[in-house]
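One structure is given here, and the rest of the page talks about it.
Below, read A as the first sequence line, B as the second, and so on, with proteins coming before strands; counting in each chain starts at 1.
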2 protein chains.
Amino acid sequence: MMEEPQVRKRDAAATKAALLDAAAVLFGERGFDRTTVRDIAKLAGANQALLFRYFGSKDALFEEVLARGGREQIASTPPGELLGTALRGMLESDTRRDRTLDAYLRSTGHDSAATAVRRQLGEEYAKVLATLTDAGDADLRADLILAWLLGIGLVREITGKEPLASADPDDVCRLVLGAARTLLERSG
Amino acid sequence: MMEEPQVRKRDAAATKAALLDAAAVLFGERGFDRTTVRDIAKLAGANQALLFRYFGSKDALFEEVLARGGREQIASTPPGELLGTALRGMLESDTRRDRTLDAYLRSTGHDSAATAVRRQLGEEYAKVLATLTDAGDADLRADLILAWLLGIGLVREITGKEPLASADPDDVCRLVLGAARTLLERSG
DNA sequence: GCAGTTTGTAAGCAACTGCTTACAACGCTA
DNA sequence: TAGCGTTGTAAGCAGTTGCTTACAAACTGC
């Protein structure tokens, strides 16, 4: 019987990536404060001292997790579909891989350098959403849509409130996109 | 010059109330995890041992803070005005006293008995909101409105994103209530 | 083969956390 | 005034936390 070695041997890049992945999972499940560097290292199968060598601090690691995950979606989605795609990505929890939003939502009590990343991420989303309307207060309307997306994620993932938590994504999309369209189209 | 004694002398009820108030402030500012029982006791001007005598644990104290603040508004507002009142209460940050929503939003990473309170609070709000529509999926629509309210609070209080964070409450109300009305009125 | 760098490991430190305990001060009642 | 439950205080305990350090093992260039 052959056994492939589960352990990485002296591969800094792979170790760093494993730490990043493990951090994303745990930050998403428990939030920043309730995730320990020991748990991250354990899940990544690495020594915790390496975490500090590669990322400097727990805070900086959190920052990288947030920055990495957030930009992936926004960069790979055309503006007009962003709202629907982001909404669906949040609703279809089965096939989800990206835990960035959970990390975001479960770490709202945490102020740090990550705050800047959080804000910048919001700016990018809102900027794209703002292109969908020609109203004078486009930015404000975009913020309200963004708030709605985050609120739906909050209620679903953290509060777990029914019937929204288990609702059919199609139903939710239909309702939200309908209301959002009236908000965006009716220029003031 | 007369000086009134700042210190309470052997008044259990007053001490308990002071601890509850201090806890509400700090949980609202920092969230559950980043608030220590020592800080709460210090702000309340009480000994931290009393916190455990009167509330049992930090967790139970958090639960009481959430339960107390949440029911006040919902009990004192007629159903038809709840949406507008809750929204305005969240937007007018100058005159705000109630930090319960902040405590809620800043402690999303925290699972405990407070989760039950959180959920129950959401149920009560959603139940009232659901009476505003005659659609078949009234509960789902109510959840979406609730999610929007929470999301707006999240973006304003935690993320601090502009222009929403400093937007005129009247403008926000007009936009949100307009879109919410179409969501609620158009029965599916 | 050997010096020097990179990668991984084990151990520990100092600070902080929620919570407990032992005890003193107070005030009510008899 | 004596007794006693209530309120307040000081000190500390045991566990956890982020982070550091000292060192061993592996790879690289010469």
- Message: I want to confirm an ordering. Mapping Phe52(A) and Asn47(B) to their closest nucleotides on DNA chain D, which one lands closer to the 5' end?
- Response: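 Nearest nucleotide further toward 5': that of Asn47(B).
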
Problem set entry | First encountered from the 5' end of DNA chain D, between Ala49(A) and Phe32(A) |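 The residue mapped nearer the 5' terminus is Phe32(A).
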
Does the side chain of Asp33(B) come under 3.5 Å of the side chain of His110(A) through a donor N or O and an acceptor N or O?
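Looking only at side-chain atoms, His110(A) and Asp33(B) do not form any donor-acceptor pair under 3.5 Å.
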
Distance in angstrom units between [X] [atom1] and [N] [atom2], rounded:
{"X": "Lys58(B)", "N": "dC19(C)", "atom1": "NZ", "atom2": "P", "result": "8 Å"}
{"X": "Arg38(A)", "N": "dT20(D)", "atom1": "CZ", "atom2": "P", "result": "13 Å"}
{"X": "Leu19(B)", "N": "dG18(C)", "atom1": "CG", "atom2": "P", "result": "14 Å"}
{"X": "Phe55(B)", "N": "dG18(C)", "atom1": "CZ", "atom2": "P", "result": "15 Å"}
{"X": "Arg30(B)", "N": "dC16(C)", "atom1": "CZ", "atom2": "P", "result": "14 Å"}
{"X": "Leu50(B)", "N": "dT9(D)", "atom1": "CG", "atom2": "C1'", "result": "8 Å"}
{"X": "Arg34(B)", "N": "dG18(D)", "atom1": "CZ", "atom2": "P", "result": "10 Å"}
{"X": "Lys16(B)", "N": "dT6(D)", "atom1": "NZ", "atom2": "C1'", "result": "15 Å"}

*asked:* Can you pull out the residues from residues 22-29 of chain B that lie within a 4.0 Å heavy-atom distance of DNA chain C?
replied: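 When residues 22-29 of chain B is checked for heavy atoms under 4.0 Å from DNA chain C, there are no hits whatsoever.
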
*asked:* Between dC26(C) and Arg10(B), counting only base atoms on the nucleotide and side-chain atoms on the residue, is there a donor-acceptor pair under 3.5 Å?
replied: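 Indeed, a donor on one side and an acceptor on the other fall under 3.5 Å apart.
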
Scan Tyr54(B) against the nucleic acid and name what it touches under 4.0 Å (heavy atoms): base, sugar-phosphate only, or nothing.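 Sugar-phosphate only.
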
Only one of Thr35(B), Thr36(B), Asp39(B) passes side chain to side chain donor-acceptor pair (under 3.5 Å) with Arg30(B); say which it is.
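Considering Thr35(B), Thr36(B), Asp39(B), a side chain to side chain donor-acceptor pair (under 3.5 Å) with Arg30(B) is found only for Asp39(B).
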
Report task. With the side chain counted from C-beta on, respond yes when Leu121(B) and Lys161(A) share a heavy-atom pair under 4.5 Å apart, and no when they do not. Result ->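 Side-chain contact under 4.5 Å: no.
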
Could you check whether the rings of Phe62(B) and Phe32(B) sit parallel, tilted or perpendicular, using 30° and 60° as the cut-offs?
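It falls in the perpendicular class, over 60°.
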
Kindly point out which of dC19(D), dT20(C), dA26(D) is positioned nearest to the side chain of Gln48(A)?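 Selected nucleotide: dC19(D).
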
Q) Of the nucleotides dA25(D), dT7(D), dA22(D), which one has an atom closest to the side chain of Arg53(B)? A)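 Comparing dA25(D), dT7(D), dA22(D) against the side chain of Arg53(B), the answer is dT7(D).
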
Give a yes or no on whether a salt bridge exists between Arg68(A) and Glu64(A), defined as a side-chain N under 4.0 angstrom from a carboxylate O.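 Result for this pair is no, no salt bridge flagged.
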
### Task
Would you indicate, yes or no, if dG8(C) has its OP1 or OP2 atom less than 4.0 angstrom from a side-chain nitrogen or oxygen of Thr15(A)?
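Checking dG8(C) against Thr15(A), a side-chain N or O does come within under 4.0 Å of OP1 or OP2.
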
Check Gly80(B) against Leu132(B) and note the closest heavy-atom contact, atom names and distance.
->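 Reported closest heavy-atom pair: CA-CD2, 3.9 Å.
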
Exercise for review: Would you please test Thr85(A) and Thr77(A) for side-chain hydrogen bond (donor to acceptor under 3.5 Å, both in side chains) and show each step?
Suggested key: CA-CA 8 Å; Thr85(A) 304; Thr77(A) 312; 5.0 Å; no

